[in-house]
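Positions are given from 1, in the same order as the sequence printed here. Whatever order the structure lists ligands and atoms in, that order sets their numbers, starting from 1.
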Amino acid sequence: MKPILAIYPGSFDPVTNGHLDLIERGSKIFDRLVVAVLRNVEKTPLFSTEERCEMLREVTRVFSNVEIDLFDGLLVDYVNRRNAQVILRGIRAISDYEYELQMAMMNRRLAPQIETVFMLPAEAYSYLSARLVREIAQLGGPVHGLVPAVVEERLRIKASP
Ligand code: PNS
């Protein structure tokens with residue numbers, strides 16, 4: 001059987017423990033996993049794409065089959081360019097499902113040979129999102145336990161005047 005290359009796309013602004021949990025699960029299921037950071041996802045991201053990639057590289061160093069990359073344009077074009085077979089996405093709760101289903105179906109329409117695979121992060125991370133982490137950190141709240149230590153430190157630096 002051909003080795004399975006999966007792409008885990010997202011904005012990762014910043015990477016959270018929920019993302020990391022999914023990366024670990026994905027790295028066990030697939031032969032290779034590429035975490036693909038969307039360039040310029042928002043007009044005013046908290047971290048630049050380079051910073052997001054740096055943090056991701058640092059926290060995924062322990063997984064030998066995980067790679068960090070950047071992409072722009074259509075996700076399916078990137079997946080095809082990489083010769084990958086799978087798009088990996090996480091679903092935390094039913095509320096994620098509608099948006100994820102819409103994206104997966106649209107991606108299937110654009111590229112029927114690519115399979116989207118959904119995985120569930122650990123229950124403890126079911127309410128965790130990068131948006132909330134950014135908001136809490138920027139308002140001076142604690143994010144300990146929600147993000148890896150290196151991200152916590154970078155958030156602290158960003159939030160300090
Ligand atoms: O972490 P996010 O912000 O939920 O990730 C969303 C992402 C990057 C997976 C999605 O916005 C995406 O795939 N963007 C690339 C452009 C694209 O292909 N759009 C059509 C999707 S059907």
Side-chain angles (χ1 to χ4, degrees), residues 4-27 29-30 32-60 63 66-138 143 145-148 150-152 154-155 158:
I4 304 283
L5 170 60
I7 307 286
Y8 177 29
S11 27
F12 305 100
D13 184 29
V15 57
T16 66
N17 283 344
H19 294 131
L20 202 51
D21 180 88
L22 213 79
I23 292 169
E24 183 170 3
R25 288 171 198 279
S27 76
I29 296 282
F30 302 110
R32 282 197 303 137
L33 180 67
V34 175
V35 182
V37 179
L38 178 63
R39 234 188 261 270
N40 302 328
V41 63
E42 284 173 43
K43 284 195 188 84
T44 52
L46 183 60
F47 292 101
S48 69
T49 41
E50 288 69 27
E51 286 176 308
R52 284 181 261 154
C53 286
E54 263 171 41
M55 288 185 278
L56 272 164
R57 278 199 193 95
E58 212 161 324
V59 299
T60 60
F63 308 117
V66 173
E67 177 196 328
I68 312 300
D69 196 11
L70 283 172
F71 82 103
D72 43 28
L74 274 183
L75 173 62
V76 289
D77 289 344
Y78 171 75
V79 174
N80 281 333
R81 263 201 315 279
R82 294 291 317 239
N83 283 319
Q85 302 94 319
V86 169
I87 295 170
L88 172 66
R89 291 286 289 173
I91 291 195
R92 291 163 298 189
I94 286 286
S95 49
D96 283 339
Y97 182 71
E98 212 169 322
Y99 169 64
E100 292 299 334
L101 178 73
Q102 198 180 7
M103 264 205 319
M105 288 306 185
M106 193 56 86
N107 283 331
R108 178 177 281 173
R109 183 191 162 97
L110 295 169
Q113 78 288 0
I114 300 170
E115 286 298 338
T116 296
V117 172
F118 295 120
M119 292 183 83
L120 312 176
E123 233 175 293
Y125 305 127
S126 59
Y127 56 90
L128 175 56
S129 76
R131 186 182 63 77
L132 286 180
V133 163
R134 286 197 303 271
E135 190 170 310
I136 294 165
Q138 284 176 305
V143 292
L146 303 179
V147 292
V150 285
V151 177
E152 193 179 338
R154 292 226 195 189
L155 282 166
K158 284 261 182 212

Hey, does Y99 come in under 3.5 Å of ligand 1, counting only N/O atoms on both sides? no
Classify the contact between L38 and ligand 1 as side chain, backbone, both or neither, using a heavy-atom distance cut-off of under 4.0 Å. side chain
Do L101 and F118 make a side-chain contact, defined as non-hydrogen atoms from C-beta onward lying under 4.5 Å apart? no
Is the count of non-hydrogen atoms from other residues, nucleotides or ligands lying under 6.0 Å from Q102 atom CD greater than 12? no
Taking atom CZ of R32 as the centre, report whether more than 12 heavy atoms of other residues, nucleotides or ligands fall under 6.0 Å from it. no
For R89 and G10, the nearest pair of non-hydrogen atoms, with its separation, is NH1-CA, 4.2 Å
Just going by heavy-atom distances, which of M103, R39, M105 is nearest to atom 10 (C) of ligand 1? M103
What atoms in ligand 1 come closer than 4.0 Å to a heavy atom of M106? 22 (S)
Which heavy atom of I87 sits nearest a heavy atom of L75, and at what distance? CD1-CD2, 3.8 Å
Between Q102 and ligand 1, find which residue part has any heavy-atom pair under 4.0 Å and reply side chain, backbone, both or neither. neither
Sub-3.5 Å N/O-N/O distance, N107 and ligand 1: no
Hey, is the main chain of P45 close enough, under 3.5 Å, to the side chain of D13 for a donor-acceptor pair? no
Assess G73 for proximity to ligand 1: is some non-hydrogen atom of it under 4.0 Å away? yes
Quick test of your reading of the structure: of V76, L74, L75, whose heavy atom lies closest to atom 13 (O) of ligand 1? L75
